[in-house]
S.K.: 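Handing you this structure, nothing more for now.
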Amino acid sequence: MAAADFAGDMRRDLLVCGGGGVLGRLIIQKWKDEFPQARIVAQTKSTNNHDELQSTLGCETRVTPGAIVTSNQEKFPFVVFCAPPSKTDDYADEVDRAGQMWDATGTMLFTSSTGVYEDTNGEEVDEDGDVKSVKKAEEQGVELPESTKKLLGAESKTLRHGGCALRLSGLYHSWRGPHTFWMQAGESKTNPNAVVNMIHYEDAASLAVAILKGDGINGYYRAREFVGVEDQSASRKDMMDAVARCARYEGKGCTFTGDANGSVGKIMRMKNTKEMVGDFWQPKYNKGFVAFMDDGANDTFADAGPPENVGRGHG
């Protein structure tokens, strides 16, 4: 039985909170391709891109609701929250309100980050790895980044609703991601050997859709933690050397001048996630970032050229 066939008579309506970003738009398009008759609503912070979303994706649009979700608020069988934590101060509460708009028949999915896992010095970390804790950090006199605190709070809200968290490594496409940030900087006082874990936006979106659809046998996932990352991690130097080799970027790269003997960080793996989603997810860019660059950095975003805010890594 295919995942898309499970509970075939149920509604496939989808609410995407953060539907105006790169990841949100890709999820909407892939869901629309899978379920052409489904009603899809893109929820955003403002109306700035609503006309474009309606015309290019054919979805409904609405603005993020306020602090209260009324008891008669419309509910959806499938809900995705993929807005970044930088966009709001009450991030966990927004995720909680998204959970209140889920009717718990399909799947709720929150896209988080593998940054919530504890750092290691070159050791592999999978879904079962140690997760950072605000309380533990305070006891150790360590201040966690505000974005990490927001993600941890949002994950907690999601799991309490019975929703799932998809922890994604560095999102990229040809003109967006960590490589464009360093390409613009030209020089960084960081460790050239530090590991960069990444995943292409298109593969992240298709993985999100595969999780939303369930496993096709036992139904829809509940309160599970997934990871999305490429198998081929790379050092910062190898990553930016590949960018410099790619004709699309006209020789631009980045020089790393930090301590090359420092910690290289963690190497992310997604063993459990692959076992759960099985053949329902087939990544398009399965050779990794360096190979993507060496093949010309060709994807659906390439011909459009760099956006105004090319250095940002999320959307």
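None of the values given here were measured: they were computed from a predicted structure. Because only heavy atoms are used, hydrogens play no part in the values below, and waters and symmetry mates are left out as well, while side chains stay in. Numbering of residues begins at 1 and proceeds along the displayed sequence.
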S.K.: Within a reach of under 6.0 Å around CG of N121, are more than 12 heavy atoms found that belong to other residues, nucleotides or ligands?
M.R.: yes

S.K.: Could you name each residue pair satisfying salt bridge (Lys or Arg N to Asp or Glu O under 4.0 Å) that touches residues 296-307, not counting sequence neighbours?
M.R.: none

S.K.: Just wondering, are more than 12 heavy atoms of other shown residues or ligands nearer than 6.0 Å to NZ in K252?
M.R.: no

S.K.: Is the backbone of D238 close enough, under 3.5 Å, to the side chain of S235 for a donor and an acceptor to pair up by distance?
M.R.: yes

S.K.: Would N298 and R248 count as having a side-chain donor-acceptor pair, cut-off 3.5 Å?
M.R.: yes

S.K.: Rounded to the nearest 0.5 Å, what separation is found between the CD atom of Q43 and the CG atom of L53?
M.R.: 12.5 Å

S.K.: If I take atom CZ from residue F292 and atom CE from residue M198, how far apart are they, to the nearest 0.5 angstrom?
M.R.: 9.5 Å

S.K.: Mind checking whether H200 and F289 have ring centres under 6.0 Å apart?
M.R.: no

S.K.: Does the separation of the ring centres of F35 and F78 fall below 6.0 angstrom?
M.R.: no

S.K.: For T114 and R167, indicate whether the former's side chain and the latter's backbone hold a donor-acceptor pair under 3.5 Å.
M.R.: no

S.K.: Looking only at atom types and distance, does a side-chain atom of H179 sit under 3.5 Å from a main-chain N or O of H173, one as donor and one as acceptor?
M.R.: yes

S.K.: Would you say E202 and T300 are linked by a side-chain donor-acceptor pair, where the criterion is simply a distance under 3.5 Å?
M.R.: yes

S.K.: Within this structure, what is the CG-CD1 distance for the pair L14 and I28, rounded to the nearest 0.5 Å?
M.R.: 7.0 Å

S.K.: Okay, side chain of W102, backbone of P77: is any donor-acceptor separation there less than 3.5 Å?
M.R.: yes

S.K.: Under 6.0 Å between ring centres, would you say that holds for F81 and Y91?
M.R.: yes

S.K.: Sub-3.5 Å donor-acceptor pair from the side chain of K132 to the main-chain atoms of G115, do we have one?
M.R.: yes

S.K.: To the nearest 0.5 Å, what is the distance between CD (E124) and CZ (R269)?
M.R.: 4.5 Å

S.K.: Tell me if a side-chain donor or acceptor on D13 pairs with a main-chain N or O of A38 at a distance below 3.5 Å.
M.R.: no

S.K.: Please round to the nearest 0.5 Å and tell me the distance separating atom CG of N286 and atom CG of D231.
M.R.: 8.5 Å

S.K.: Hydrophobic cluster membership, with links at side-chain heavy-atom distances under 4.5 Å among I/L/V/M/F/W/Y: are V290 and Y201 in one?
M.R.: no

S.K.: Side chains of F110 and V79, heavy atoms from C-beta outward: is any pair under 4.5 Å?
M.R.: no

S.K.: Among pairs that include at least one residue of residues 42-60, which meet salt bridge (Lys or Arg N to Asp or Glu O under 4.0 Å), considering only residues two or more places apart or in two chains?
M.R.: R25-E52, R39-E60, K45-E94

S.K.: Apply ring pair (Phe, Tyr, Trp, His ring centres under 6.0 Å) to residues W281 and F226 and explain how you reach the verdict.
M.R.: CA-CA 13 Å; W281 181 61; F226 299 86; over 10 Å; no

S.K.: Sub-3.5 Å donor-acceptor pair from the side chain of K157 to the main-chain atoms of A92, do we have one?
M.R.: no

S.K.: Report the distance from atom OG1 of T88 to atom CG of D93, rounding to the nearest 0.5 Å.
M.R.: 8.5 Å

S.K.: Would you confirm whether W31, through its side chain, and R12, through its main-chain N or O, come within 3.5 Å as a donor-acceptor pair?
M.R.: yes

S.K.: Under 4.5 Å between side-chain heavy atoms, chaining through other members, with only Ile, Leu, Val, Met, Phe, Trp and Tyr counted: pull out the rest of the cluster around V195, sorted by chain and number.
M.R.: V264, I267

S.K.: Is the NZ or CZ atom of R176 positioned over F301's six-membered ring, under 6.0 angstrom from the centre and within 45° of the axis?
M.R.: no

S.K.: Are E155 and V116 close enough that some pair of their side-chain heavy atoms sits under 4.5 Å apart?
M.R.: yes

S.K.: Check whether N197 reaches the backbone of K266 with its side chain - one donor and one acceptor, N or O, closer than 3.5 Å.
M.R.: yes

